[in-house]
Amino acid sequence: MEVGRKSPAVNSKEPFKRPASFNRRMELAMNRRDFVRGAVATGTVSAAAGVAPAGALAGEGAGVAPQGSSRLIVDGLDTSVLNEEFLGMLQQAEVDCVHFSVGGLLSYGARLEFFDRHADAIGLARTVGEIRQMKRDGRIAVIFGAQSANWLDPLFDKSATGTVAPFAAVRAAYETGLRVCGVCYQATNIFGGGATDPHVPLTRTGRMLVEKIHETGIVLDVGGHTGEQTSLDAIEMSQGVPVVCSHTNVAALNANIRAISDEVIEAIAATGGVMGLTAISDFQMRNASNYREHGPVSPQATLDIHMDQYEYVRDLVGIDHVGLGPDFVWGWGDTFVLNPEQSITFPPEALSVAPPVLTVKGFEDISGLPNLIAGLRGRGWSETDLDKLLGANWLRVWEQVWGG
């Protein structure tokens with residue numbers, strides 16, 4: 001679709017249909033096992049740095065993957081500080097691919113420079129084929145995603161003479177490596193309503209955004225930060241294309257504004273999409289009914305409470321539609337300063353006074369992944385179901401949207 005051309009999806013409720021010309025073929029030649037051995041030997045990964053031993057709760061020998069397994073593990077959303085220490089943590093947890101949030105050009109650039117410095121251990125992937133090849137090479141693949149389209153909003157001239165020309169930036173972001181994109185970040189923008197405005201619909205400009213995201217071959221990310229009605233509207237016009245919620249929690253288990261309803265979960269699953277679950281404690285513990293009783297900081301979620309989330313989604317829509325989306329904030333320290341009483345994005349009932357942002361006990365960062373896996377095994381999860389949860393579901397959707 002040419003930028004600015006009207007289409008049925010924008011002017012009616014016709015579902016989006018991908019152009020027949022869509023075909024993405026890009027090559028990227030970018031050993032992580034050697035790196036982690038060196039990191040452990042030199043003390044790069046250390047308890048003093050706040051990295052819990054992977055077997056601390058799971059027990060010695062509780063492996064992430066069975067011996068001889070071809071399991072490919074995807075950390076479905078992470079915002080941790082990308083440095084050598086975090087790289088060692090990914091390797092310790094046997095993670096093969098990470099979906100990293102990026103913001104502006106500086107965010108892209110800093111990560112690309114890190115990849116250059118550690119090219120034998122980690123690099124950018126643009127296709128599922130490249131993710132699989134990097135696993136064979138013993139390297140961690142990173143895909144880039146934006147949690148909202150707020151980066152695009154300021155480019156629009158909202159005067160009477162404004163045009164849709166800024167949508168060309170979506171193509172530019174794709175060429176830079178963007179492979180997942182949301183609509184709103186908590187608050188309402190030009191495209192629709194955020195989680196704090198759940199009844200605001202997808203706007204006309206938002207419909208154009210959804211269409212452009214699909215046309216370009218980027219995965220549409222709704223729910224979570226994006227409000228309910230805007231999410232449902234975007235899903236409705238996305239028939240035939242899988243839609244995801246990269247990182248959220250279950251509203252039926254805890255009615256936090258960052259959690260999503262059964263209706264949204266079912267709508268995402270109906271597209272063939274996946275819902276990633278966060279390890280943010282408040283989203284599983286804090287809500288409008290209990291935050292005053294809890295006070296400034298709510299209790300920390302246990303691993304059992306967290307595992308209930310996976311089982312709820314699996315029982316509601318099936319194992320094919322749930323994945324990891326932990327949204328870890330490791331390394332932020334006290335840089336995330338929040339006054340909930342004045343915040344337009346995270347009011348007091350949504351998030352405790354920060355810093356730090358609490359995550360699940362035993363799954364505080366990605367090095368705790370073996371604890372989660374051991375816990376689900378203890379609940380009777382099969383290795384086939386764990387394969388899907390830990391990566392296969394994400395890879396299936398990404399391959400459908402991006403092409404081979």
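Numbers here simply count residues along the sequence, with the first being 1.
Pairing each heavy atom of H321 with each of G273, the nearest pair is ND1-O, 2.7 Å. Closest approach of V210 to S238, counting heavy atoms only: CG1-OG, 3.8 Å. The shortest non-hydrogen separation linking M285 to A301 is CG-CB, 3.7 Å. I257 and P347 make their closest contact through CD1-CD, 3.8 Å (heavy atoms, listed as atom of the first residue, atom of the second, distance). Of all non-hydrogen atoms in V64 and A93, the two that sit nearest each other are CG2-O, 3.6 Å. The minimum heavy-atom distance linking I235 with I268 is given by the pair CD1-CG1, 3.8 Å.
Listed for the S69 side chain is no donor-acceptor partner under 3.5 Å among the backbone atoms of A65. At least one donor-acceptor pair closer than 3.5 Å links the side chain of K135 to the backbone N or O of R71. Between the W151 side chain and the S148 main chain, a donor and an acceptor come within less than 3.5 Å of each other. Between the side chain of E211 and the main chain of R207, no donor-acceptor pair closer than 3.5 Å is present. The backbone N or O of S231 sits nowhere less than 3.5 Å from a side-chain atom of T226 that would complete a donor-acceptor pair. Judged purely by atom type and a 3.5 angstrom limit, R258 has no side-chain atom pairing as donor or acceptor with the backbone of A350. Looking at Q309, its side chain does come within 3.5 Å of a backbone N or O of V250 through a donor-acceptor pair. S367 contributes no side-chain N or O that, together with a main-chain N or O of M89, makes up a donor-acceptor pair within less than 3.5 Å. Of the possible donor and acceptor atoms, one in the side chain of Q300 sits under 3.5 Å from a partner among the backbone N and O of T359.
Applying the side chain to side chain contact (heavy atoms under 4.5 Å, CB included) test to E228 and every residue at least two apart in sequence or in another chain returns P198, L232, S261, E263, V264. Listed by chain and number, the residues in a side chain to side chain contact (heavy atoms under 4.5 Å, CB included) with V128 are R132, L395, W398, E399, W402 (sequence neighbours excluded).
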- Query: For S80 and D78, what are the C-alpha separation, side-chain angles and deciding distance, and is it a side-chain hydrogen bond (donor to acceptor under 3.5 Å, both in side chains)?
  - Reply: CA-CA 6 Å; S80 297; D78 213 305; 2.6 Å; yes
Open item on the list: For V274 and V322: C-alpha separation, side-chain torsions, deciding distance, then whether side-chain contact (heavy atoms from CB on, under 4.5 Å) applies.
Closed with: CA-CA 5 Å; V274 177; V322 60; 5.6 Å; no
(message) Evaluate C97 against I131 for side-chain contact (heavy atoms from CB on, under 4.5 Å), listing each step before the verdict.
(response) CA-CA 7 Å; C97 176; I131 294 171; 3.9 Å; yes
Legend entry - Check against side-chain contact (heavy atoms from CB on, under 4.5 Å), I143 and V98: CA-CA 6 Å; I143 66 161; V98 186; over 6 Å; no
*Go through the steps for L209 and L202 under the test side-chain contact (heavy atoms from CB on, under 4.5 Å), then give the verdict.*
CA-CA 10 Å; L209 170 69; L202 188 70; over 6 Å; no
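Judged by distance alone, the side chains of S343 and T345 do bring a donor and an acceptor atom under 3.5 Å apart. A donor and an acceptor atom, one from each side chain of R111 and S107, are located under 3.5 Å apart. Between the side chains of N256 and N287, no donor N or O sits under 3.5 Å from an acceptor N or O. A donor and an acceptor atom, one from each side chain of D153 and N189, are nowhere located under 3.5 Å apart. A donor-acceptor contact closer than 3.5 angstrom is absent between the side chains of S246 and H99. There is a side-chain donor-acceptor pair under 3.5 Å between S101 and Q147. Neither side chain, D315 nor Y310, offers a donor N or O lying under 3.5 Å from an acceptor on the other.
Other residues, nucleotides and ligands contribute at most 12 non-hydrogen atoms within 6.0 Å of the CG atom of L105. Heavy-atom contacts from other residues, nucleotides or ligands closer than 6.0 Å to CZ of R117 number more than 12.
Looking at K158 and I190, their side chains come closer than 4.5 Å, going by heavy atoms from C-beta outward. Between L369 and I73 there is a side-chain heavy-atom pair separated by less than 4.5 Å. Within the 4.5 Å cutoff, the side chain of I319 has heavy atoms near those of the R314 side chain. Annotation: side chain of I265 is in contact with side chain of L316 (closest heavy-atom distance under 4.5 Å). With a 4.5 Å cut-off on side-chain heavy atoms, V183 and L220 count as touching. Side-chain contact check for I140 versus L87: some heavy-atom pair is nearer than 4.5 Å. Side-chain contact between P242 and V401: present, with at least one pair of heavy atoms (C-beta onward) separated by less than 4.5 Å. Side chains of D157 and T163 form no contact here, defined as non-hydrogen atoms less than 4.5 Å apart.
Interatomic distance, Q91 CD to F86 CZ, rounded to the nearest 0.5 Å: 10.5 Å. Distance OG1/T230 to NE2/H199: 11.5 Å, rounded to 0.5 Å. Between Q133 atom CD and R136 atom CZ the span is 4.0 Å, to the nearest 0.5 Å. With rounding to the nearest 0.5 angstrom, the CD atom of E349 is 10.5 Å from the CG atom of L351. How far CG of D282 is from CG of N254: 9.0 Å, rounded to the nearest 0.5 Å. Taking CZ of F191 as the start and CD1 of I213 as the end, the distance is 8.5 Å to the nearest 0.5 Å.
The one candidate from V357, I366, N83 that meets the side chain to side chain contact (heavy atoms under 4.5 Å, CB included) condition with W330 is N83. Considering N249, T248, D327 as possible partners of T278, the one that fulfils the side-chain hydrogen bond (donor to acceptor under 3.5 Å, both in side chains) test is N249.
Taking a cutoff of 4.0 Å between a charged side-chain nitrogen and a carboxylate oxygen, E175 and R171 qualify as a salt bridge. With salt bridges taken as basic N to acidic carboxylate O contacts below 4.0 Å, one links E383 and R377. Salt bridge R379/D304: present, at least one basic N to carboxylate O contact under 4.0 Å.
For H247 and H225, the ring centers are positioned less than 6.0 Å apart. Under the 6.0 Å cut-off for aromatic ring centres, F156 and F167 qualify, their centroids lying closer than that. Aromatic ring centres of F144 and F100: separated by at least 6.0 Å.
Using bins of under 30°, 30° to 60° and over 60° for the plane-to-plane angle, the ring pair H306/F363 lands in the tilted bin.
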